[in-house]
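Small disclaimer: the values here were computed from a predicted structure and weren't measured.
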Amino acid sequence: MPIFDYEFIVEAPRRAVVDFHHDTSVLKQLMPPPIMAQIHNFEPLGEGSKANFTLWFGFVPVHWKVIHNDVDDDGFTDTQIRGPLKRWKHTHRFTPLGDSRTKVSEHIEYDYKNGFWGLAGRLLFSKPALYFLFTARKILTKRQIRMSSLENEK
């Protein structure tokens, strides 16, 4: 089973990083072009909360339904209930590195389906594709948290 790990540092306190990730609208802000997120239903992030959304890879819609577990200030896990992969378990961890720096760790365990979705999954969710996605998410996360911090200072 493939595993993907990614880490980056945000120049912000853990509380700001946690609050940012607990905002259910953030999914749309973290998608780099040409990927867009369409939210159908996203319960407030909490233990057992569910999200139903479509990721658009250009003109290709990919429907997902996930459940959230292990939700606390250290992070959370979203696990695919229904979607393009045979298995998808994505754990987010937020580790304080002092008062104003936070390490964000992403750990994904996934596996591909057979048939058409297996081929599509291997293209859309290959390690290079995930690396591109999470590098973009790193940049977007840092930018959004920095912008939010500047707005709070006003």
Side-chain angles (χ1 to χ4, degrees), residues 1-10 12 14-96 102-145 147-148:
M1 172 181 355
I3 292 176
F4 178 79
D5 288 303
Y6 193 90
E7 294 182 343
F8 61 95
I9 307 296
V10 178
R14 180 171 74 167
R15 178 84 262 147
V17 175
V18 169
D19 290 347
F20 175 75
H21 282 87
H22 280 224
D23 178 354
T24 57
S25 70
V26 79
L27 182 62
K28 286 184 168 188
Q29 299 171 25
L30 293 177
M31 292 298 129
I35 306 169
M36 292 182 5
Q38 178 183 10
I39 308 298
H40 306 296
N41 181 44
F42 208 129
E43 296 172 358
L45 189 62
E47 194 65 28
S49 66
K50 294 180 182 161
N52 185 5
F53 55 92
T54 301
L55 295 182
W56 289 86
F57 292 81
F59 296 108
V60 178
V62 178
H63 304 285
W64 289 74
K65 187 170 187 179
V66 300
I67 188 167
H68 299 101
N69 295 102
D70 304 321
V71 179
D72 59 26
D73 283 351
D74 293 327
F76 61 94
T77 298
D78 52 85
T79 302
Q80 175 188 285
I81 298 171
R82 186 180 42 205
L85 298 165
K86 182 176 181 180
R87 181 171 195 268
W88 175 273
K89 184 177 180 182
H90 178 188
T91 301
H92 312 252
R93 287 283 153 235
F94 313 120
T95 306
T102 304
K103 178 171 71 171
V104 176
S105 302
E106 310 280 3
H107 176 79
I108 303 170
E109 300 170 10
Y110 60 105
D111 203 359
Y112 304 109
K113 291 181 177 180
N114 294 321
F116 171 78
W117 279 114
L119 177 60
R122 282 175 172 78
L123 293 173
L124 297 174
F125 303 101
S126 65
K127 285 196 180 188
L130 289 172
Y131 184 79
F132 166 76
L133 174 63
F134 281 89
T135 298
R137 287 177 68 149
K138 169 184 76 174
I139 294 164
L140 294 166
T141 296
K142 289 180 174 188
R143 185 181 83 191
Q144 292 295 334
I145 290 174
M147 288 172 47
S148 177

S.K.: So, using ring-ring contact (aromatic ring centres under 6.0 Å, His included) as the criterion, who are the partners of Y112 when residues are at least two apart?
M.R.: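 Y112 satisfies ring-ring contact (aromatic ring centres under 6.0 Å, His included) with Y110 only.
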S.K.: Only counting residues at least two apart or in another chain, list the ones meeting salt bridge (charged side-chain N to carboxylate O under 4.0 Å, His left out) with E47.
M.R.: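 Testing E47 for salt bridge (charged side-chain N to carboxylate O under 4.0 Å, His left out), a comparison that skips the adjacent residues, returns none.
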S.K.: Applying salt bridge (charged side-chain N to carboxylate O under 4.0 Å, His left out), can you list everything that pairs with E7, at least two apart in sequence or on another chain?
M.R.: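 For E7 the salt bridge (charged side-chain N to carboxylate O under 4.0 Å, His left out) partners, ignoring immediate neighbours, are K103.
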S.K.: Looking at residues at least two apart in the chain, or sitting in another chain, which of them share a ring-ring contact (aromatic ring centres under 6.0 Å, His included) with F8?
M.R.: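 Here no residue qualifies.
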S.K.: Determine, stepwise, if the pair M36 / M31 fulfils side chain to side chain contact (heavy atoms under 4.5 Å, CB included).
M.R.: CA-CA 6 Å; M36 292 182 5; M31 292 298 129; 5.7 Å; no
S.K.: Among all residues two or more places apart in sequence or in another chain, which pass the ring-ring contact (aromatic ring centres under 6.0 Å, His included) test with F57?
M.R.: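 Expected list: F125.
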S.K.: Show your working on side chain to side chain contact (heavy atoms under 4.5 Å, CB included) between R137 and Y6 and close with a plain yes or no.
M.R.: CA-CA 11 Å; R137 287 177 68 149; Y6 193 90; over 6 Å; no
S.K.: Sequence neighbours left out, what passes side chain to side chain contact (heavy atoms under 4.5 Å, CB included) with D70? Give chain and number order.
M.R.: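 Once residues adjacent in sequence are excluded, the partners of D70 under the side chain to side chain contact (heavy atoms under 4.5 Å, CB included) criterion are T77, R93.
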S.K.: Rounded to the nearest 0.5 Å, what's the gap from NE2 on H68 to CG on D78? Could you check?
M.R.: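 The CG atom of D78 is 5.0 Å from NE2 of H68, to the nearest 0.5 Å.
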S.K.: I need the N52 CG to I67 CD1 distance, nearest 0.5 Å.
M.R.: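 These two atoms lie 12.5 Å from each other.
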S.K.: Over all heavy atoms of both residues, which pair between I39 and K28 is shortest? Give the atoms and the distance, please.
M.R.: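 Nearest heavy atoms, I39 then K28: CG1-CE, 3.9 Å.
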S.K.: What is the minimum heavy-atom distance between A37 and L55, and which atoms define it?
M.R.: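 What the structure gives for the nearest pair is CB-CD2, 3.9 Å.
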S.K.: Do you know the tightest heavy-atom contact between F132 and P32?
M.R.: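 Closest approach of F132 to P32, heavy atoms only: CE2-CG, 4.0 Å.
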S.K.: Are the side chain of T102 and the backbone N or O of A12 linked by a donor-acceptor pair below 3.5 Å?
M.R.: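 Yes, the answer is positive, given that a donor and an acceptor are paired below the 3.5 Å cut-off.
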S.K.: Take I108 and W88 through the side chain to side chain contact (heavy atoms under 4.5 Å, CB included) test and state the conclusion after the steps.
M.R.: CA-CA 7 Å; I108 303 170; W88 175 273; 3.7 Å; yes
S.K.: Contact between I3 and H107 at the side-chain level, heavy atoms closer than 4.5 Å - yes or no?
M.R.: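 A side-chain contact under 4.5 Å exists here.
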S.K.: Less than 3.5 Å apart, which donor and acceptor atoms pair up between the side chains of residues 20-27 and the rest of the protein, not counting sequence neighbours?
M.R.:
{"from": "H21", "atom 1": "ND1", "to": "V17", "atom 2": "O", "distance (Å)": "3.0"}
{"from": "D23", "atom 1": "OD1", "to": "S25", "atom 2": "N", "distance (Å)": "3.0"}
{"from": "D23", "atom 1": "OD1", "to": "S25", "atom 2": "OG", "distance (Å)": "2.9"}
{"from": "D23", "atom 1": "OD2", "to": "S25", "atom 2": "OG", "distance (Å)": "3.3"}

S.K.: Going by salt bridge (charged side-chain N to carboxylate O under 4.0 Å, His left out), name the pairs with one or both residues in residues 105-121, residues two or more places apart or in two chains.
M.R.: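 Checked against salt bridge (charged side-chain N to carboxylate O under 4.0 Å, His left out) - neighbours excluded - the pairs reaching residues 105-121 are R87-E109.
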S.K.: Between the main-chain N or O of I9 and the side-chain N or O of K142, is there a donor-acceptor pair closer than 3.5 Å?
M.R.: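 Pair found, side chain donor or acceptor close to backbone of I9.
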S.K.: Which heavy atom of F94 sits nearest a heavy atom of P96, and at what distance?
M.R.: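 Smallest heavy-atom distance, with atoms named: O-CD, 3.8 Å.
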S.K.: Mind checking the CH2-NE2 spacing from W56 to H63? Nearest 0.5 Å is all I need.
M.R.: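 Reported value, rounded in 0.5 Å steps: 6.5 Å.
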S.K.: So, the side chain of Q80 versus the backbone of L85: is there a donor-acceptor pair under 3.5 Å, distance only?
M.R.: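 Side chain of Q80 to backbone of L85, a donor-acceptor pair under 3.5 Å: yes, one is there.
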S.K.: May I have all residue pairs that pass side chain to side chain donor-acceptor pair (under 3.5 Å) and include part of residues 120-131, sequence neighbours excluded?
M.R.: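 Matches after skipping sequence neighbours: none remain.
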S.K.: Identify, with sequence neighbours excluded, every residue that meets salt bridge (charged side-chain N to carboxylate O under 4.0 Å, His left out) alongside D5.
M.R.: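 For D5 there are no salt bridge (charged side-chain N to carboxylate O under 4.0 Å, His left out) partners, ignoring immediate neighbours.
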S.K.: Please enumerate all residues that pass salt bridge (charged side-chain N to carboxylate O under 4.0 Å, His left out) together with D74, with sequence neighbours excluded.
M.R.: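 Listed in chain order: R14.
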S.K.: How would you list, by chain and number, every residue that makes a ring-ring contact (aromatic ring centres under 6.0 Å, His included) with H90, sequence neighbours excluded?
M.R.: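 H92, F134.
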S.K.: Any chance you could measure L30, atom CG, to I139, atom CD1, to the nearest 0.5 Å?
M.R.: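 Going from CG on L30 over to CD1 on I139, the span is 12.0 Å.
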S.K.: With side chain to side chain contact (heavy atoms under 4.5 Å, CB included) as the test, would you mind laying out the steps for H40 and T54 before giving the verdict?
M.R.: CA-CA 8 Å; H40 306 296; T54 301; 2.6 Å; yes
S.K.: Taking everything shown except N114 itself, do over 12 heavy atoms lie less than 6.0 Å from its CG?
M.R.: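 Check fails, neighbour count at 12 or below.
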S.K.: Roughly how far, to the nearest 0.5 Å, is the CH2 atom of W64 from the CD atom of Q38?
M.R.: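 Separation between the atoms: 15.5 Å.
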